[in-house]
Amino acid sequence: MGEIEQDGIFLTPDGFDFEYNELEEAKATWRGSGRDLTDPTFWDYIVQCKSYCYAMQSEVARLRVLYINGDYRHTGPEYRRYELRFI
């Protein structure tokens, strides 16, 4: 997906599912997987997805996160998928 502009701000979403009108966003992070996505350390992910949804006129974002070190308890990498709804 290319660059889009909304209110003078340029955005670069990872992808968009036009069939279902849903944003696709992916992250790889050193942050631990032991925290819930509502933890303040993930504020930037939520705001980014919400901004992209606003620009794309979508209410749903599918966020995929690869936690490189898992929960830091020697569990190894963890992959999680989240569905965010902004209504």
Side-chain angles (χ1 to χ4, degrees):
M1 167 140 221
E3 187 176 75
I4 58 173
E5 184 266 334
Q6 177 69 43
D7 300 330
I9 299 170
F10 291 91
L11 310 167
T12 54
D14 290 336
F16 194 81
D17 185 333
F18 289 97
E19 182 179 350
Y20 295 101
N21 196 40
E22 295 178 348
L23 173 74
E24 299 278 350
E25 194 65 25
K27 303 288 183 195
T29 184
W30 294 101
R31 299 172 193 180
S33 66
R35 297 183 190 132
D36 188 63
L37 196 59
T38 59
D39 187 280
T41 58
F42 293 105
W43 177 84
D44 54 338
Y45 290 2
I46 304 300
V47 170
Q48 183 181 30
C49 286
K50 195 171 192 176
S51 301
Y52 289 174
C53 281
Y54 172 75
M56 300 296 293
Q57 299 179 356
S58 173
E59 294 180 354
V60 179
R62 289 188 294 221
L63 174 64
R64 292 169 172 80
V65 181
L66 174 62
Y67 297 93
I68 296 169
N69 283 331
D71 63 3
Y72 282 89
R73 295 181 189 181
H74 307 290
T75 57
E78 289 182 35
Y79 169 79
R80 294 197 185 157
R81 180 181 165 188
Y82 304 95
E83 185 174 288
L84 307 172
R85 294 190 172 270
F86 305 107
I87 22 180

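No hydrogens, no waters, no symmetry mates; every other heavy atom, side chains included, goes into these values.
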Which heavy atom of [X] sits nearest a heavy atom of [Y], and at what distance?
| X | Y | value |
| --- | --- | --- |
| Tyr45 | Thr29 | OH-CB, 3.3 Å |
| Phe42 | Asp36 | CD1-O, 3.5 Å |
| Cys49 | Leu23 | O-CD2, 3.7 Å |

Look up atom [atom1] in [X] and atom [atom2] in [Y], then write down how far apart they are to the nearest 0.5 Å.
| X | Y | atom1 | atom2 | answer |
| --- | --- | --- | --- | --- |
| Ser58 | Lys50 | OG | NZ | 13.0 Å |
| Glu5 | Phe10 | CD | CZ | 5.0 Å |
| Met56 | Ile4 | CE | CD1 | 5.0 Å |
| Gln48 | Trp43 | CD | CH2 | 11.0 Å |
| Tyr54 | Gln6 | OH | CD | 5.0 Å |
| Cys53 | Ile87 | SG | CD1 | 12.0 Å |

ILVMFWY network linking Phe16 to Ile46, side-chain heavy atoms under 4.5 angstrom: no

Check whether Tyr52 and Phe18 end up in the same hydrophobic cluster, where Ile, Leu, Val, Met, Phe, Trp and Tyr are linked by side-chain heavy atoms less than 4.5 Å apart. yes

So does Thr41 get a backbone contact from the side chain of Arg31, meaning a donor-acceptor N/O pair under 3.5 Å? yes

Is the backbone of Ser33 close enough, under 3.5 Å, to the side chain of Arg80 for a donor and an acceptor to pair up by distance? yes

Considering residues, nucleotides and ligands other than Tyr72, do more than 12 of their heavy atoms fall under 6.0 Å from its OH? yes

Do other residues, nucleotides or ligands put more than 12 heavy atoms under 6.0 Å from Glu83 CD? yes

Is any side-chain heavy atom of Glu59 less than 4.5 Å from a side-chain heavy atom of Arg85? no

Qualifying residue, where the test is side chain to side chain contact (heavy atoms under 4.5 Å, CB included) with Arg62 and the options are Leu84, Asp17, Asp14: Asp17

Would you please test Val60 and Phe86 for side-chain contact (heavy atoms from CB on, under 4.5 Å) and show each step? CA-CA 6 Å; Val60 179; Phe86 305 107; over 6 Å; no

Could you give me the CA-CA distance, side-chain angles and deciding distance for Lys27 and Asp44, then say whether salt bridge (Lys or Arg N to Asp or Glu O under 4.0 Å) is met? CA-CA 11 Å; Lys27 303 288 183 195; Asp44 54 338; over 6 Å; no

